[in-house]
Structure formats: structure tokens, C-alpha cells
Amino acid sequence: MIDPNILRAQPELVRESQIKRGEDANLVDQWLAADIAAREGQQAFDLLRNEQKVLGKEMGPLQGSLKKDPTPELTAQVDALMAKATELAARVKIADEHASNLNEKVNAIAGALSNIVDPRSPVGGEDKFELIELVGIPRDFAAEGFVPKNHLEIGEALKAIDVDRGAKVSGSRFYFLTGQGALLEFALLNLAMAQATANGLIPIITPALVLPAAMEGTGFLGQAEENVYRVESDDLYLVGTSEVPLAAYHSDEIIPAADLPLRYAGWSTCFRREAGSYGKDTMGIIRVHQFDKVEMFVLCDPAQAEAEHERLLQWEKDFLDALELPYRVIDVASGDLGSSAARKFDIEAWIPTQGTYREVTSTSNTTEYQARRLKIRMRDSEGTKPLATLNGTLCAMPRIIVAILENHQQADGTVNVPKALQPFLGGKKVLA
RNA sequence: GGAGGCGUCGCCUAGUGGUCUAUGGCGCCGCACUGCUAAUGCGGUUUGGGUUUAUACCCAUCGAGGGUUCAAAUCCCUCCGCCUCCGCCA
């Protein structure tokens with residue numbers, strides 16, 4: 001949700017932002033008109049309702065004295081008042097319905113507006129990203145004298161990944177992690193959590209099923225809706241990221257400024273329908289319907305949001321550095337932000353067999369957008385106001401596993417374990 | 001799954017249809033008094049929206065949503081959550 005004061009005072013700012021995203025700018029003008037109508041409707045109702053309450057206050061004592069002393073004058077007075085009240089009640093009811101309808105309309109439009117794009121985000125579609133940084137040098141396999149295998153070949157040879165049986169049991173884009181594949185995930189989880197807790201984040205295990213309000217509040221029921229699994233029988237959604245339960249965790253709460261920032265490291269399974277990606281990444285476990293992920297989530301004073309964003313990015317880089325993976329950092333373009341983010345940095349790891357960088361983590365500054373939708377506020381000396389929320393991937397399992405297998409493979413088909421990960425694999429230096 | 005109880009302002013709590021403002025206490029904030037602190041006194045203290053230069057005022061908000069009524073925290077219905085007991089179960 002965008003600050004209504006910004007919409008009223010600087011509508012052009014929001015129009016511009018919608019255009020940068022390739023979304024409907026007319027919504028802004030629709031909102032402005034609906035806002036005026038709704039306020040008029042509300043005022044009309046308020047006035048009538050006040051009249052009704054004043055009348056009710058006359059009625060009370062009158063009824064009391066009528067009971068004690070039923071004179072004809074009193075009866076007539078009460079009857080007259082009652083007639084007036086009946087007529088007024090009908091008008092109040094109509095005004096109430098009218099105002100509610102208008103309010104709903106404003107809220108519906110407001111809910112459809114995406115967050116205001118940060119002025120520094122590059123403008124354009126997915127390919128208009130800006131390269132911020134290149135870290136590490138991809139290995140020269142030709143110089144080393146062998147052709148790198150893809151992660152699936154390696155994973156199958158190590159009996160670590162089984163996609164055939166994944167497909168047999170659950171369909172395409174499902175997989176089993178077996179043996180050292182499973183242990184590798186646990187090691188990554190423990191490394192990620194060790195880093196997170198060392199940085200002061202609070203470890204948290206979240207539900208993977210959430211109520212519609214949580215999905216709605218985090219902004220995933222807009223253009224992302226087709227990628228969300230819905231459990232119709234119970235009206236619940238399977239989360240695509242623990243960002244959803246983490247954001248909703250403090251919904252409807254007012255947090256004292258002294259408690260901020262709150263930083264969490266959440267662990268959950270993530271479910272994605274991957275609608276509209278038929279034929280894309282069909283090999284291996286780059287794009288799957290279900291995976292586990294450690295996600296960082298921050299609630300803070302809006303004035304601190306930018307610094308927190310930088311911090312999240314740094315922690316993501318630290319993690320990839322620890323895994324000795326080459327990667328690049330990009331500033332995601334306006335058209336590819338998702339409705340909640342004002343600015344987003346992706347980290348893409350080098351995938352040797354694809355000869356390209358592929359997204360492994362993503363960190364978004366969602367400013368006050370999610371907090372407004374979820375009614376998360378902070379209280380400082382000046383009163384209450386929405387706070388800012390941010391999220392960032394620490395470790396999305398399958399893609400990190402892909403990057404490790406491919407980048408650290410050796411000519412004989414074994415895989416070197418990065419030093420930082422070794423303690424979490426019982427000291428093992430090589431997967432063989 | 002079955003039976004019963006409960007959900008009121010940060011916390012506790014009063015409130016079975018109107019009788020000026022949803023009680024009262026604790027905590028908190030301000031002021032006064034006071035060597036200091038404490039105690040005491042007075043005032044304020046849910047959240048959201050609106051009108052207003054200001055001071056103020058108005059509306060909504062008693063778990064959520066409907067309904068009955070001229071009028072609902074209070075009565076009725078549905079849902080959610082918590083507690084107790086029973087059954088089943090990882």
C-alpha cells in the first residue's frame with residue numbers, strides 16, 4: 001500500500017513509477033477520484049450517525065420517565081421522537097452502505113498499486129539491469145584440460161540427486177536429495193544459520209501454509225498469483241518464500257522503536273507453481289516446485305531501510321564468498337521488481353555448463369509498502385507510523401547446490417567441499 | 001472429533017438494551033508540591049479516519065463478520081483464537 005498522503009500530494013510520482021514498471025498509471029487517477037468520493041461518503045455518514053446518536057440520548061431518559069409516569073403528553077413526545085428516529089435510521093443505513101462501498105473501491109485500487117520504484121533503480125525490462133559488481137573468476141576448464149559436467153550428471157554420479165524418481169513420485173520439477181546430497185543441504189543450512197546467528201539474526205522456523213490475508217498483505221496475490229499454490233479445501237496458501245510468514249509475523253502490531261531493527265533468519269520449504277515457465281530449465285534442479293530456503297527478514301525505521309538493504313546484500317555476498325563461488329551483483333530493473341520492492345539487488349552465481357550467471361539470491365527493500373498492507377507500525381516519541389521491511393535470500397538450497405557441484409567439480413567427477421562448509425560435513429573435503 | 005467456559009484500552013478489571021462521555025486499578029506521560037528520591041494531588045494515556053489557523057469537535061473501534069432494534073460491549077447467527085475435560089493420534 002502506498003501512503004495516501006503521497007498519492008494526494010504527489011500523484012505524478014506514483015504515475016511515473018507505475019509507468020517505469022510497465023503497469024497501469026491510470027490507477028492513480030482512479031484512486032484520486034475514488035478517494036474524494038469516499039471521504040464525502042464518510043462525512044455524510046458521520047453527520048447522520050451523529051444526529052442519530054444525539055436523538056438516542058434524548059430517547060433514553062424520556063423512556064425512563066415514561067415508565068414511571070405515563071402521561072399522554074409524554075407518550076406523544078416519545079412517539080414523535082420514535083417516528084423521527086425510524087426515518088433517520090433508514091437514512092443512516094443507506095449512508096453507511098454507500099460509504100462502505102466507496103471505501104472498498106478505494107482500497108481495491110490502492111491494493112492494486114505497486115510500490116514506488118526507487119529513483120536509482122534502472123528503468124526498463126528484465127534485461128535492463130545494471131551490473132554493480134563482479135566477484136571471483138570463473139574457472140578455465142579448458143586450461144585445466146577437461147569439459148565440465150552439468151550439476152545433474154555430477155549429482156547423479158554421486159548418488160546425491162535423483163530427479164527420475166522425483167518425477168515418478170511427484171511429477172516434473174520434483175527431486176529427491178539422497179545421501180551426501182541430503183547431507184549437503186543440512187550442511188548449507190547449518191552454515192547459513194551459523195552465519196546468521198553470528199550476525200545477530202534471530203533464527204525462526206515458519207509455517208509454510210498461510211491464510212489469504214498473509215499472502216495478500218505481502219503482495220503475492222497480484223501478478224505473482226499464478227505462481228502460488230492454493231489449498232482450496234482449507235482456503236490456505238503454500239508459501240513461495242518464508243518472506244510471507246515472516247512479514248505477517250508482526251502484522252497488526254505496534255513495535256516500540258527501541259526494539260528495532262528486528263532481524264530474522266527464517267527457514268521454510270518454498271513452493272512455486274512455475275506457471276509460464278514450460279520448457280525453461282527443465283534439466284536438473286535449477287527450477288523446481290519445492291525447495292528449502294534460509295531467508296533473512298528485517299523490520300526497521302524507514303530512515304534505516306537503505307542501510308539495512310546494503311547490510312543484507314553484504315551478508316549474501318559473505319555467504320557466497322564462504323562457498324568460494326564466482327558471482328555478479330546486479331541492480332534489478334524497474335520492470336522486474338515485483339509489486340512490493342522499491343529496489344532489488346540480485347546475486348547471480350556463475351554456472352559453468354551454462355556459461356552464464358544465474359540468480360541465486362535476491363534482496364528487496366519493500367520500504368513501508370508491506371507494512372502498510374499488513375498494519376505493522378512502530379511507535380517512537382512522535383507517535384505511530386508504518387515501519388520498513390526488507391528481505392534477502394541467504395541460501396536457496398537447490399541453486400546453491402547446483403553452483404557448488406558445477407564450480408567445484410574435478411576431472412574425476414568428485415567435488416571439492418569449500419573450506420567453510422567442511423566442518424558442517426563432518427570434516428569431509430571431497431564429495432566422492 | 002465431542003462437551004463446557006472465555007475473548008473489553010499496554011496489563012488486570014466493571015459493565016444482561018438507552019438514564020450525558022465504556023468503570024476502576026496498575027503501569028506510563030505531564031504538571032503541582034517537595035533537600036533528592038519516594039509519597040501525595042490534579043490532568044492525560046487504544047487505534048484508525050475526518051473537519052479545523054488554533055483550541056477543539058465529529059465518526060468508527062469491546063476477537064472478526066453478519067443480523068435483530070429507533071438504539072447493541074450487552075440479544076441472535078456464522079467464523080476465528082485461547083482455556084478445561086473426553087476421545088483419537090505423530
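A, B, ... follow the sequence lines: proteins, then strands. Residue 1 opens every chain.
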> Between A:E97 and A:N101, do the side chains contain an N or O donor and an N or O acceptor separated by less than 3.5 Å?
Replying inline: no
Atom CG of A:D46 and atom P of B:G49 are separated, to the nearest Å, by 13 Å
If pairing means Watson-Crick or G-U wobble with both distances under 3.5 Å, then the partner of B:U78 is B:A64
Residues at least two apart in sequence or cross-chain that pass side chain to side chain donor-acceptor pair (under 3.5 Å) with A:Y369, listed by chain then number, are A:R373
Within residues 86-94 of chain A, the residues having a heavy atom closer than 4.0 Å to RNA chain B are A:T86, A:A89
* Asked: Does the side chain of A:V402 come within less than 4.5 Å of A:I351's, by heavy atoms?
  -> yes
Between CZ of A:R372 and P of B:U47 the distance, given in whole Å, is 17 Å
Across every strand shown, the nucleotide meeting Watson-Crick or G-U wobble geometry with B:U34 (both distances under 3.5 Å) is none
Rounded to whole Å, the CG-P distance (A:L48 to B:A60) equals 12 Å
(Q) Show, in sequence, the C-alpha distance, side-chain angles and deciding distance for A:E295 and A:S242, and conclude whether the side-chain hydrogen bond (donor to acceptor under 3.5 Å, both in side chains) test is met. (A) CA-CA 7 Å; A:E295 177 82 3; A:S242 50; 5.3 Å; no
Q | B:A22 and B:U46, which share atom name P, separated by this distance in whole Å | A | 12 Å
Note: for A:I254 and A:R39 on RNA chain B, the residue whose nearest nucleotide lies more 5' is A:I254
Rounded to whole Å, CD1 of A:I36 lies from P of B:G50 at a distance of 13 Å
Practice problem: Determine: side-chain N/O of A:T384 to OP1/OP2 of B:G48, distance under 4.0 Å, yes or no. | Solution: yes
- So, is A:N50 near the phosphate of B:C58, with a side-chain N or O under 4.0 Å from OP1 or OP2? no
ask   = Does NZ in A:K385 sit with more than 12 non-hydrogen atoms of other residues, nucleotides or ligands closer than 6.0 Å?
value = yes
Exercise for the section: Indicate, with a heavy-atom threshold strictly under 4.0 Å, whether A:R8 touches base, sugar-phosphate, or nothing. Expected result: sugar-phosphate
Salt bridge (Lys or Arg N to Asp or Glu O under 4.0 Å) test vs A:D331 passes for just one of A:K128, A:R120, A:R343, namely A:R343
Answer for the Watson-Crick or wobble partner of B:A22, both distances under 3.5 Å, is none
Q: Could you give the distance separating B:G66 and B:U55 at their P atoms, to the nearest angstrom?
A: 35 Å
Exercise. Can a salt bridge be assigned to the pair A:R263 and A:E308 using a cut-off of 4.0 Å between side-chain N and carboxylate O?
Worked result: yes
Problem - Separation between the C1' atoms of B:U8 and B:U47, rounded to whole Å - result: 14 Å
Between CZ of A:R49 and C1' of B:U51 the distance, given in whole Å, is 19 Å
Suppose you measure atom C1' in B:G35 against the same atom in B:U45; what distance do you get, rounded to whole Å? 31 Å
By the Watson-Crick or G-U definition, both distances under 3.5 Å, B:C9 is matched with none
Practice prompt. Determine the Euclidean distance between corresponding P atoms of B:U61 and B:A72; express it in Å to zero decimal places.
Written response: 9 Å
Worksheet item: Taking the P atom of each, how far is B:C79 from B:A90, in whole Å?
Response: 29 Å
Original post:
Checking all strands, does A:K53 fall into the base, sugar-phosphate, or nothing category for heavy-atom contacts under 4.0 angstrom?
Top reply: sugar-phosphate
When rounded to whole Å, the CG to C1' distance for the pair A:L47 and B:A60 reads 14 Å
Whole-Å distance, A:D235 CG to B:A64 P, equals 20 Å
What's the gap between B:C11 and B:A64 when it is taken at their P atoms, as a whole Å value? 15 Å
Can you tell me, in whole Å, how much space there is between the C1' of B:G7 and that of B:A14? 16 Å
Quiz item: Salt bridge or not for A:R39 and A:D35, using N-O below 4.0 Å?
Solution: yes
Heavy atoms of A:L299 and A:L260 approach each other most closely as O-CD2, 3.6 Å
Nearest-nucleotide check on RNA chain B, A:R379 vs A:Q52; residue mapping nearer the 5' end is A:R379
Pairing partner of B:A39, by Watson-Crick or G-U wobble and under 3.5 Å for both distances, is none
A:F45 has its side chain closest, among B:A60, B:G50, B:C58, to B:A60
* Asked: Counting any heavy atom closer than 4.0 Å, what does A:L55 reach on the DNA or RNA strands: base, sugar-phosphate only, or nothing?
  -> nothing
A:Q42 CD to B:U61 C1', in whole Å, measures 12 Å
